[in-house]
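Source: prediction; values computed, not measured.
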Amino acid sequence: MNIEQQNWFATPIWQVKTELPLGELRTLVKKIRKKDPKGTIISNVGGWQSRAYPNVCSKHEKDYGIANVMKPVIDLLNNLVGATVEQQLGISDDIKLANFWFNVNSRGNYNTLHNHIGGIISGVLYIMIPDNNCGGISFLRSDKELQYYLPPLLDKHNEFTSSMITMKPKEGSLILFPSWFNHRVEPSQSQNSRISMSFNYSFTDYLGWKT
């Protein structure tokens with residue numbers, strides 16, 4: 001007897017090791033934070049989060065030199081996200097970078113459970129990771145009914161039976177995921193700051209996104 005398995009409604013996560021100029025990005029974040037030390041609060045509890053930049057314009061370039069520093073980052077993101085969406089998700093519609101922002105988390109700081117409404121692909125680039133205790137990113141499955149049907153204790157969990165997966169950040173690594181995937185950032189236990197950049201890609205017709 002042949003048993004055919006079909007896996008539907010999958011939620012993938014992609015991870016890439018980059019060779020981006022992280023030193024320049026760290027300097028850029030420090031300049032932006034110095035200019036706006038209060039930052040903004042969305043999902044972050046403690047820490048610092050910059051406002052979201054809808055695009056790189058002349059004002060930002062003048063204030064921080066953002067355009068020059070971000071060009072290789074955005075070029076890489078465009079290539080990776082474009083290939084991912086078309087080849088692996090089967091979506092051929094034109095999508096573009098909607099916004100990006102920077103995060104600095106220190107000891108005790110974290111981000112609550114959320115997703116990115118309005119996006120199709122979201123992601124995070126880890127600019128500075130001081131050690132292994134600065135808090136991973138956790139993804140939680142949305143079909144909560146699973147907990148009522150699976151045994152409470154399993155010897156081993158896999159992609160079908162796990163209710164959550166936590167990925168440890170790695171300096172220079174880039175994580176992409178569907179924007180509807182619920183996620184949170186675990187509390188940092190490090191004495192040093194972790195710096196990251198988050199971003200969203202959206203369909204071109206939806207770029208009226210307000211942040």
Side-chain angles (χ1 to χ4, degrees), residues 12-53 56 60 63-77 79-81 97 99-116 119 121-140 162 164-177 179 181-201 211:
I13 300 174
W14 302 274
Q15 187 170 17
V16 180
K17 175 65 177 177
T18 74
E19 299 296 334
L20 290 168
L22 299 180
E24 295 180 13
L25 284 170
R26 293 169 191 159
T27 300
L28 175 63
V29 174
K30 290 179 181 178
K31 288 181 180 178
I32 296 175
R33 188 178 184 182
K34 184 176 181 179
K35 185 119 181 155
D36 180 21
K38 186 176 180 180
T40 186
I41 298 176
I42 299 180
S43 68
N44 51 310
V45 178
W48 176 85
Q49 182 172 309
S50 76
R51 72 177 185 83
Y53 294 95
V56 177
H60 303 145
D63 287 349
Y64 316 121
I66 226 176
N68 292 334
V69 176
M70 287 300 298
K71 186 180 186 307
V73 179
I74 294 176
D75 287 346
L76 176 64
L77 292 181
N79 290 333
L80 290 175
V81 173
L97 179 66
N99 52 24
F100 64 90
W101 62 96
F102 301 100
N103 314 283
V104 180
N105 277 19
S106 300
R107 185 175 179 84
N109 303 154
Y110 62 95
N111 292 71
T112 58
L113 186 67
H114 64 285
N115 55 30
H116 296 206
I121 291 290
S122 298
V124 56
L125 169 65
Y126 292 106
I127 299 172
M128 186 168 74
I129 303 298
D131 52 54
N132 292 325
N133 301 312
C134 56
I137 181 170
S138 295
F139 295 91
L140 286 76
S162 297
M164 180 181 74
I165 179 175
T166 300
M167 303 176 68
K168 284 193 173 183
K170 299 177 181 179
E171 193 166 283
S173 68
L174 172 69
I175 295 177
L176 301 173
F177 53 90
S179 300
F181 205 173
N182 290 326
H183 59 283
R184 68 190 183 205
V185 178
E186 303 298 336
S188 174
Q189 303 300 323
S190 176
Q191 298 291 346
N192 301 304
S193 297
R194 180 194 63 210
I195 303 176
S196 64
M197 185 192 89
S198 301
F199 55 89
N200 295 306
Y201 273 75
T211 57

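Between the side chain of Trp14 and the main chain of Val81, no donor-acceptor pair closer than 3.5 Å is present.
Atom CG in Asn182 sits 13.0 Å away from atom CE in Met164 (nearest 0.5 Å).
For the pair Ile129 and Cys134, the minimum side-chain heavy-atom distance is below 4.5 Å. Under the 4.5 Å side-chain criterion, counting only non-hydrogen atoms from C-beta, Tyr110 is not in contact with Arg184. Leu25 places a side-chain heavy atom less than 4.5 Å from the side chain of Leu125. Under the 4.5 Å side-chain criterion, counting only non-hydrogen atoms from C-beta, Trp101 is in contact with Asn200. Using a 4.5 Å heavy-atom threshold, the side chains of Phe100 and Leu77 count as separate. The closest side-chain heavy-atom distance from Lys31 to Ile66 is not below 4.5 Å. Phe139 has its side chain within reach of Met167: a pair of non-hydrogen atoms, C-beta onward, lies under 4.5 Å apart.
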Would Ser188 and Asn109 count as a side chain to side chain donor-acceptor pair (under 3.5 Å) here? Give the steps. CA-CA 6 Å; Ser188 174; Asn109 303 154; over 6 Å; no
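Each of Val73, Asn103, Val29 was evaluated against Met197; a single residue qualifies, Val73, per the side-chain contact (heavy atoms from CB on, under 4.5 Å) test.
Under the salt bridge (charged side-chain N to carboxylate O under 4.0 Å, His left out) criterion, Arg26 pairs with Glu171, sequence neighbours left out. Asn111 pairs by the side-chain hydrogen bond (donor to acceptor under 3.5 Å, both in side chains) definition with Ser43, Asn105, not counting sequence neighbours. Evaluation of the side-chain contact (heavy atoms from CB on, under 4.5 Å) rule for Lys30 yields no partner, not counting sequence neighbours.
Under the 30°/60° scheme for interplanar angles, the aromatic rings of Phe199 and Tyr201 are found to stand perpendicular. The aromatic rings of His116 and His183 sit tilted, their planes meeting at an angle between 30° and 60°.
Between the side chains of Asn133 and Ser190, no donor-acceptor pair is found at a separation under 3.5 Å.
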